[in-house]
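Written out below as structure tokens is the structure these notes cover.
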Amino acid sequence: MKFNSDEIASVLRQEIEQYESQIDVREVGTVLEVGDGIARVYGLSGVMAGEMVEFTKAGVTGLAFNLEENSVGVIILGDFLKINEGDEVRTLGQLLSVPVGDGVIGRVLDPLGNPLDGKGPVASNERRNVEILAPGVAQRHPVCEPLQTGVKAIDAMTPIGRGQRELVIGDRKTGKTAVALDAILNQKESGVRCFYVAVGQKDSSVAGVVNVLERYGAMEYTTVIVAGASSPAPVQYVAPYAGTAMAEYFMHKGEHALIVYDDLSKQAVAYRQLSLLMRRPPGREAYPGDVFYCHSRLLERSSKLSKELGGGSLTSLPIIETLEGEVSAYIPTNVISITDGQIYLQPDLFFSGVRPAMNVGISVSRVGGAAQIKAMKKVAGGLRLDLAAFRELEAFAQLGTELDPATQRRLDRGYRMVELLKQPQYKPMHVIDQVIVIYAGTKGFLDEVPVNKVRDWEAGLLAFIHNRKQDLWDELNQRKDLTPELIAGIEGALNEFNKGFLAS
């Protein structure tokens, strides 16, 4: 076999021309101690806060969390049991990022973007940093567009707008997740991308949520990010930020997204655990002093962007679990002060069969009528005050005193309105159907209907409207406002239906 000297010379020349001098400089440190999801590392003198590091032997990544005089506190995003004292640690020179884009939609992922659903790798070339500064005041637009949840009580009395942060708060087992899931199911035809972040939940509960989303066809536009109860504290802490980064991608594209954090009280507990292990000084209820900032920098990223930036929005529904209805505890008060309103779910109402168990007196939306269509604003204007007054009257009537006829009529109507606002789980209702039903209740068309027949009356009325008066429904849906002609049409339809219903 002969070598051609010209060929060898040309290959050498080509290699020399294409040669680029690159020196791979990386800082290398050593693990001093490891345990409970954190490691103390010696030797990474140039590492930056929030920078990613790699434990080379175990193949696990971590985040520089505490920069101390002689060592660096690293939170480990993976199995810390694989890491041993004396292992080598390298800085990666980058921040934590997750895959974003259409490839994550319909998937069940962990907070690092790894698939958990067995459907293969995530088909996404783009990545986005997990920690990003929230849009400034000048980059935002006031919330003005409704985000319909499909829940009558919420859309009528505590409306949610695109770009709003509405807290869902209550004791365990009062239907908080059910409210959030109904909001996700109701986005089916709206083009809103949905993200459900499960923090510290049982794996069986998360599997149930994914099952519901698949059964109702909602996984087509939803991503589930899971940091279960068995996940290490660092992963639970990072999960809400990772979910927000995925959702923000669509907001900055000029689209709309909805994110549910279920729940932030468990994220705060994970953050407390990390901070105490890192020897950060504890404050009230042993939480570190910056736990407020932990939640504020997360929730401030939800916004409605200005028209110059595309007008996209990210709406968030953070969930907080209270203990024995203690709304004035540390984490609940923190999150209440950050959000634009709260939906308070009360155990007494829940166990008495009022579902969703929303306490009208405490629940508020600080956006109010700006997040409602005109028709809903007109029919639901006095509903909150009427219900609050009814609760007071009900408490008074329990004393057994004689009531005058006017008070008795108000009580009777209140019972019917409470019954009317009940709604079965996973059955979100179109906003125009809600307007017609609430108009009927507030204008006294229900006064003759027995309380135990209200649900049947509602189902019958909606079937009657869609079968016989579809043109009236279509016009109301198009205008989204109540004109005198439409009011006359609705009242005519209600009278016609009532005649048949009460006769039967």
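Residue numbers count from 1 along this sequence. As the structure is a prediction and not an experimental result, all values here were calculated from the model.
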Under the 3.5 angstrom rule, does the side chain of Lys443 hit a backbone N or O of Ala440 as a donor-acceptor pair? no

Could you check, using the six-membered ring where one of them is a Trp, whether Phe501 and Phe464 have ring centers closer than 6.0 angstrom? no

Side chain of Gln423, backbone of Gly150: donor and acceptor closer than 3.5 Å? yes

Examine distances only and state if a side-chain atom of Gln342 and a backbone atom of Ile169 form a donor-acceptor pair shorter than 3.5 Å. no

Counting C-beta onward and ignoring hydrogens, is there a side-chain heavy-atom pair between Lys176 and Asp263 closer than 4.5 Å? no

Arg140 side chain vs Pro135 backbone, donor-acceptor pair below 3.5 Å: yes

Thr244 versus Tyr261, side-chain donor and acceptor atoms under 3.5 Å: yes

Run the numbers on Asp110 and Val226 for side chain to side chain contact (heavy atoms under 4.5 Å, CB included), then give the verdict. CA-CA 5 Å; Asp110 73 2; Val226 184; over 6 Å; no

Verify the distance criterion only: is there a donor paired with an acceptor across the side chains of Asp155 and Gln434 at less than 3.5 Å? yes

Tested for side chain to side chain contact (heavy atoms under 4.5 Å, CB included) against Ile319, the lone hit among Leu345, Ile343, Val168, Leu264 is Val168

With side chain to side chain contact (heavy atoms under 4.5 Å, CB included) as the test, would you mind laying out the steps for Arg297 and Tyr241 before giving the verdict? CA-CA 9 Å; Arg297 75 174 189 267; Tyr241 300 104; 3.5 Å; yes

Main-chain N/O of Gly311 paired to Lys304 side chain as donor or acceptor, under 3.5 Å: yes

For the NZ atom on Lys374, are there more than 12 heavy atoms of other groups (residues, nucleotides or ligands in this structure) within a distance under 6.0 Å? no

Determine whether a donor-acceptor pair (N or O, by modelled atom type, separation under 3.5 Å) exists between the side chain of Gln346 and the backbone of Asn359. no

Arg468, CZ: over 12 other non-hydrogen atoms inside 6.0 angstrom: no

Answer with yes or no whether the side chains of Tyr439 and Glu491 bring together a donor and an acceptor at under 3.5 Å. yes

Relative to the ring of Tyr216, is the ring of Tyr426 parallel (under 30°), tilted (30 to 60°) or perpendicular (over 60°)? tilted

Run the salt-bridge test on Arg165 and Glu300 with the 4.0 Å N-O cut-off and return the result as yes or no. yes

Taking every heavy atom of Pro111 against every heavy atom of Val235, the minimum-distance pair comes out as CG-CG1, 3.5 Å

Could you grab the distance from atom CD1 of Ile225 to atom OH of Tyr196, nearest 0.5 Å is fine? 11.0 Å

Using a distance-only test with no angle check, is there a side-chain donor-acceptor pair under 3.5 angstrom linking Ser313 and His256? yes

Short side-chain donor-acceptor distance under 3.5 Å, Gln273 and Ser275: no

Under-4.0 Å salt bridge between Lys378 and Asp481: yes

Other residues, nucleotides, ligands: >12 heavy atoms within 6.0 Å of Asn495 CG: yes

Take a 6.0 Å sphere around OH of Tyr415 and say whether it holds more than 12 heavy atoms from other residues, nucleotides or ligands. yes

Is it true that the side chains of Thr177 and Asp262 contain a donor and an acceptor less than 3.5 Å apart? yes

Hey, what do you get for OG1 (Thr339) to CD (Gln164), rounding to the nearest 0.5 Å? 9.0 Å

Parallel, tilted or perpendicular: rings of Tyr287 and Tyr330 (30°, 60°): tilted

Do Val179 and Thr149 have side-chain heavy atoms sitting under 4.5 Å apart? no

So for atom CD, which belongs to Gln94, do other residues, nucleotides or ligands contribute more than 12 heavy atoms lying within a distance under 6.0 Å? yes

Arg193/Asp102 salt bridge by N-O under 4.0 Å criterion: yes

Checking Tyr237 against Gln267: is there a side-chain donor and acceptor pair closer than 3.5 Å? no

Nearest 0.5 Å, what's the NZ-CG distance between Lys377 and Leu482? 12.5 Å

When you look at Thr222 and Glu220, which way does the side chain to side chain donor-acceptor pair (under 3.5 Å) test go after all the steps? CA-CA 6 Å; Thr222 305; Glu220 295 166 15; over 6 Å; no

CA sep, side-chain torsions, deciding dist, call: Ile259, Thr315, side chain to side chain contact (heavy atoms under 4.5 Å, CB included): CA-CA 6 Å; Ile259 187 162; Thr315 312; over 6 Å; no

Does any N or O in the side chain of Ser303 come within less than 3.5 Å of the main-chain N or O of Gly163, such that one atom is a donor and the other an acceptor? no

Pair Thr322, Asp171: side-chain N/O donor-acceptor within cut-off below 3.5 Å: yes

For the residue pair Trp473 and His466, does the interplanar ring angle fall in the parallel (under 30°), tilted (30 to 60°) or perpendicular (over 60°) class? tilted

Quick one: sort the Phe195 and Phe250 rings into parallel, tilted or perpendicular, breaks at 30° and 60°. tilted

Taking NZ, NE, NH1 and NH2 as the nitrogens, is one of them in Lys469 or Glu496 under 4.0 Å from a carboxylate oxygen of the other? yes

Salt-bridge criterion met for Lys173 and Glu321 (N-O under 4.0 Å): no

If I compare all heavy atoms of Arg301 with all of Asn129, which pair ends up nearest, and what's the gap? NH2-O, 4.4 Å

Step by step, work out the side chain to side chain contact (heavy atoms under 4.5 Å, CB included) result for Val60 and Ile76. CA-CA 7 Å; Val60 176; Ile76 302 161; 3.5 Å; yes

4.5 Å side-chain heavy-atom contact, Leu95 and Glu131: no

Check this for me, if you would: do Lys422 and Glu419 make a salt bridge, where the nitrogen-to-carboxylate-oxygen distance has to be below 4.0 angstrom? yes

Any side-chain donor near an acceptor of the partner, Gln470 and Asp474, under 3.5 Å: yes

Regarding Ser365 and Thr158, do their side chains bring together a donor and an acceptor under 3.5 Å, going by distance alone? no

